[in-house]
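Structure, as structure tokens:
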Amino acid sequence: MITLITFAPAFGQPAASPFCVKAIWLLNLSGLPWQREDIADPRKMPKQKLPAIRADGQIIPDSENIRTYLEAQGADFDAGLSDMEKSTSRAFIRMAEEHMYFHIVLDRWGDDTVWPIIRDEYFNAIPKLLRSVVTNKLRKACLQGMDRQGLGRFTPEERLARLEDDLSAIATRLWHGPFLFGERPTAADASVGAMLANMRATPGKTLLKTRIAEDEILCRYIDRCADAMGNPSAAPERLCA
Ligand SMILES: N[C@@H](CCC(=O)N[C@@H](CS)C(=O)NCC(=O)O)C(=O)O
């Protein structure tokens, strides 16, 4: 059986990380049997990140590699999509994972009102007396990385303005159906839906969280994604024979 190595549930999400939520949703869509193993420290993983799966005696890191593995087992997440739709899907996945994701990182690690809640949720295995010292270093390294990446140099207002075009691209597709590519969830929904869900789930009242939480179209979409992909028995149909 496939074992998903993931961060634990947090803030009402099946995992603290949107990439782990994506992997959970893809696993559910695949219809393959799987179990989860929650860990707090990814340093022993091949890429020092989560998610990863243990399957066929090996550890496969990275949610896209997990998708590839599941497809090799017979899953077809984009069944029925045309080549044009598949190429658009690829762009939406990149938008979610290489842009929207970093807004979540900055919202959670960069906001002084949110950070203490994140720290105590993510790092509750570290004894309280040590927690601030250890996590201050991690936080500094994370924010330095975001500064180098560039988005960390934007104010929250500038970040939100930058994100608006992504949100409007998503909403435009949702005018045409309940999911990004029609009536049923596809791979792009697992990425985009997971990012939006985690934006909304961030504790506190940041500009980003409020923006998503007050958007009826996006909130209904997040809920539809969670309903359709969040529960193995709720998957629209078994993708694997
Ligand atoms: N490209 C990877 C990204 C995974 C990723 O960034 N995971 C983060 C959590 S959202 C992580 O494990 N961070 C731990 C660390 O960097 O120490 C994927 O698709 O799985």
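Atoms within each ligand, like the ligands themselves, are counted from 1 in listed order.
By the ring pair (Phe, Tyr, Trp, His ring centres under 6.0 Å) test, Tyr221 is found to be paired with no residue, residues two or more places apart in sequence or in another chain being considered. For Phe179, the ring pair (Phe, Tyr, Trp, His ring centres under 6.0 Å) criterion is met by no residue, not counting sequence neighbours.
Apart from Ile5 itself, the hydrophobic cluster it occupies contains Phe7, Ile39, Met45, Leu50, Ile59, where clustering links Ile, Leu, Val, Met, Phe, Trp and Tyr at side-chain heavy-atom distances under 4.5 Å.
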Going through the distances and angles, do Leu207 and Arg159 end up as a side-chain contact (heavy atoms from CB on, under 4.5 Å)? CA-CA 9 Å; Leu207 276 181; Arg159 285 206 303 272; over 6 Å; no
Evaluation steps, salt bridge (Lys or Arg N to Asp or Glu O under 4.0 Å), between Asp78 and Arg67: CA-CA 11 Å; Asp78 289 348; Arg67 173 182 174 180; 3.2 Å; yes
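Within 4.0 Å of ligand 1, heavy atoms belong to protein residues Phe7, Ser17, Phe19, Pro42, Gln48, Lys49, Leu50, Pro51, Asp62, Ser63, Tyr101.
Checked by atom type and distance alone, the side chain of Asn136 pairs as donor or acceptor with a backbone atom of Ser132 at under 3.5 Å.
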